[in-house]
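Here the structure comes first, spelled out in structure tokens, and everything after it is commentary.
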Amino acid sequence: MEEGNTGLLQALSSALGPCGFLTKDALASRPTSLWNSQRMSALAMARPKTTSEVSTVLRLCHEASQEVVIIGGGTGPLAGAEPTSHRIAISLERMNQIESIDPVNAGCVVQAGACLQTVQEAVASHHLLFPLDLGARGSCTIGGNISTNAGGINVLRYGSMRSLVLGLEAVLSDGTVVSSMNKLLKNNAGFDLKQLFIGTEGTLGIVTRAVLRLFPQQPDRRTAMIALRGFDEVAQLLQLAKLKFGSMLSAY
């Protein structure tokens, strides 16, 4: 443990408890990501359970001028969220709850550490669909999806994550909590704060909770595999499919 970080690490350990704070040695069994099997190299890992604890972690690190890196599901292939030995990793893996599902207003409130597939399956039990879908659905988190403005395979019909978030809550680097947990599809009141955080990859703050937009489940799905000679024909077929199927075309 570096002498200059001793006080900060002790303060984080005291604030988060043994389940919420992992030392450098305790990270030895953790891989860096799904793409990198090397042991995680970080000064320590904070695993907050609540937005208040996220605020405390960032406030303490801000006061100590300590660099942090936000860990999601570890599915990003570009290594943008891999920690290094001089940074403190922050993981929201303990903030993984689906707080509510509202079938009437077609929305749900989830914590940022919730797994995408878990959200999909939970809303499906209410005959609803959260349409964002990608190969890493079983590992990626909603917070990671928001921070990268994930598009996925159904982006043609439903848009990227920017179109699927109604509201969110985030914590700024100094620990300030910003909340815009709008639950309505139509909201003309003031600035749309959520758009400042979607796609910014944690550079402005950590998203902790979100209100997601849901859709009715589709009663039927038809899939075709078509062989084409070249890319020009691929583009032409896409235009034809859009013309013939309109908004029913989900993926291509």
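Along the sequence shown, residues carry numbers from 1.
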Exercise. May I ask you to test the Leu249-Leu238 pair for a side-chain heavy-atom distance under 4.5 Å?
Key: yes
Practice problem: Following the transitive rule for hydrophobic clusters with a side-chain heavy-atom cut-off under 4.5 Å over Ile, Leu, Val, Met, Phe, Trp and Tyr, establish whether Val119 and Phe215 coincide in one cluster. | Solution: yes
Quiz item: Taking Asn105 for the side chain and Asp102 for the main chain, is one N or O donor matched with an acceptor at less than 3.5 Å?
Solution: no
Quiz prompt | Ser160-Asn149 side chain donor-acceptor pair, cut-off 3.5 Å | solution = yes
Practice problem: Could you check if a side-chain atom of Val69 sits within less than 4.5 angstrom of a side-chain atom of Thr84, using non-hydrogen atoms only? | Solution: no
Quiz prompt | Smallest separation among heavy atoms of Ala15 and Glu53, with atom names | solution = O-OE2, 4.3 Å
Quiz item: Side-chain heavy atoms under 4.5 angstrom apart, residues restricted to Ile, Leu, Val, Met, Phe, Trp, Tyr: same cluster for Ile206 and Leu116?
Solution: no
Practice problem: Quick one: pull up CD in Gln97 and OG1 in Thr50 and give me the separation to the nearest 0.5 Å. | Solution: 12.5 Å
Exercise. Any chance you could measure Ile71, atom CD1, to Arg87, atom CZ, to the nearest 0.5 Å?
Key: 10.5 Å
Quiz item: How many angstroms lie between atom CE of Met248 and atom CG of Asp220, to the nearest 0.5 angstrom?
Solution: 10.5 Å
Quiz item: Would you say the side chain of Leu58 lies within less than 4.5 Å of the side chain of Leu172, judging by non-hydrogen atoms?
Solution: no
Practice problem: Would you kindly confirm whether Tyr158 and Ile153 end up in one hydrophobic cluster when ILVMFWY residues are joined by side chain heavy atoms under 4.5 Å apart? | Solution: no
Self-check item: Minimum heavy-atom distance between Ser91 and Met45, given as atom pair plus value
Solution: CB-SD, 4.0 Å
Quiz item: Is a donor on one side and an acceptor on the other found under 3.5 Å between the side chain of Arg162 and the backbone of Ile198?
Solution: yes
Practice problem: May I ask you to decide if Ala122's main-chain N or O and Ser125's side chain share a donor-acceptor pair within less than 3.5 Å? | Solution: yes
Self-check item: Intermediate values then yes/no, side-chain contact (heavy atoms from CB on, under 4.5 Å), His86 and Glu67
Solution: CA-CA 8 Å; His86 66 283; Glu67 293 183 15; 3.3 Å; yes
Self-check item: Check against side-chain contact (heavy atoms from CB on, under 4.5 Å), Gln217 and Val123
Solution: CA-CA 10 Å; Gln217 280 188 344; Val123 302; over 6 Å; no
Quiz item: Do Cys140 and Asn145 come close enough that some side-chain heavy atom pair is under 4.5 Å?
Solution: yes
Quiz item: Are side-chain heavy atoms of Lys24 and Leu27 found at a separation under 4.5 Å?
Solution: no
Quiz item: Between atom CD1 of Ile98 and atom SG of Cys115, what is the distance when rounded to the nearest 0.5 Å?
Solution: 9.5 Å
Quiz item: If you draw a 6.0 Å radius around CZ in Phe245, do more than 12 non-hydrogen atoms from other residues or ligands fall strictly inside?
Solution: no
Quiz item: Are Val165 and Val211 linked, directly or through other ILVMFWY residues, by side chains that come within less than 4.5 angstrom of each other?
Solution: no
Quiz prompt | Side chains of Thr148 and Glu201, donor plus acceptor under 3.5 Å | solution = no
Practice problem: Grab the two heavy atoms, one from Phe21 and one from Ala44, that are nearest each other, plus how far apart they are. | Solution: CZ-CB, 3.6 Å
Practice problem: Mind running side-chain contact (heavy atoms from CB on, under 4.5 Å) on Val54 and Val57 for me, showing each step along the way? | Solution: CA-CA 5 Å; Val54 175; Val57 170; 5.8 Å; no
Quiz item: Hey, mind stepping through Met161 and Leu212 against side-chain contact (heavy atoms from CB on, under 4.5 Å) and telling me if it holds?
Solution: CA-CA 9 Å; Met161 200 65 175; Leu212 304 180; 3.9 Å; yes
Quiz prompt | 4.5 Å side-chain heavy-atom contact, Glu169 and Val207 | solution = no
Exercise. Measure the shortest side-chain to side-chain distance between Gln111 and Thr141 over non-hydrogen atoms and say whether it is less than 4.5 angstrom.
Key: no
Quiz item: So which heavy atom on Pro216 is nearest to which on Leu129, and how close?
Solution: O-CB, 4.0 Å
Self-check item: Value rounded to 0.5 Å, distance of NZ in Lys49 from CE in Met95
Solution: 9.0 Å
Quiz prompt | Separation of Leu168 CG from Ile142 CD1 (nearest 0.5 Å) | solution = 12.0 Å
Quiz item: So if you build clusters from Ile, Leu, Val, Met, Phe, Trp, Tyr with side-chain heavy-atom gaps below 4.5 Å, do Val234 and Leu237 land together?
Solution: yes
Self-check item: Minimal non-hydrogen separation, Leu22 against Arg47, with atom names
Solution: CD1-CD, 3.6 Å
Review item, side-chain donor-acceptor pairs of residues 175-183, under 3.5 Å, at least two apart:
residue: Thr176; atom: OG1; partner: Asp174; partner atom: OD1; Å: 2.9
residue: Thr176; atom: OG1; partner: Asp174; partner atom: OD2; Å: 3.3
residue: Asn182; atom: OD1; partner: Leu184; partner atom: N; Å: 3.2
residue: Asn182; atom: OD1; partner: Asn187; partner atom: ND2; Å: 3.3
residue: Asn182; atom: ND2; partner: Leu166; partner atom: O; Å: 3.2
residue: Asn182; atom: ND2; partner: Leu184; partner atom: O; Å: 2.7

Quiz item: Taking the side chain from Ser13 and the backbone from Gln10, do they hold a donor-acceptor pair closer than 3.5 Å?
Solution: no
Quiz item: Just by modelled atom types, is the Ala11 backbone N or O under 3.5 Å from a matching donor or acceptor in the Ser14 side chain?
Solution: no
Quiz prompt | Thr56 side-chain N/O to Ser52 backbone N/O, donor-acceptor pair under 3.5 Å | solution = yes
Quiz item: Could you give all pairs that pass the salt bridge (Lys or Arg N to Asp or Glu O under 4.0 Å) test and reach residues 108-132, with sequence neighbours left out?
Solution: none
Self-check item: Leu9 vs Ile88 side-chain heavy atoms within contact, under 4.5 Å
Solution: yes
Self-check item: Considering all heavy atoms, the nearest Leu132-Ala150 contact
Solution: CD1-O, 3.6 Å
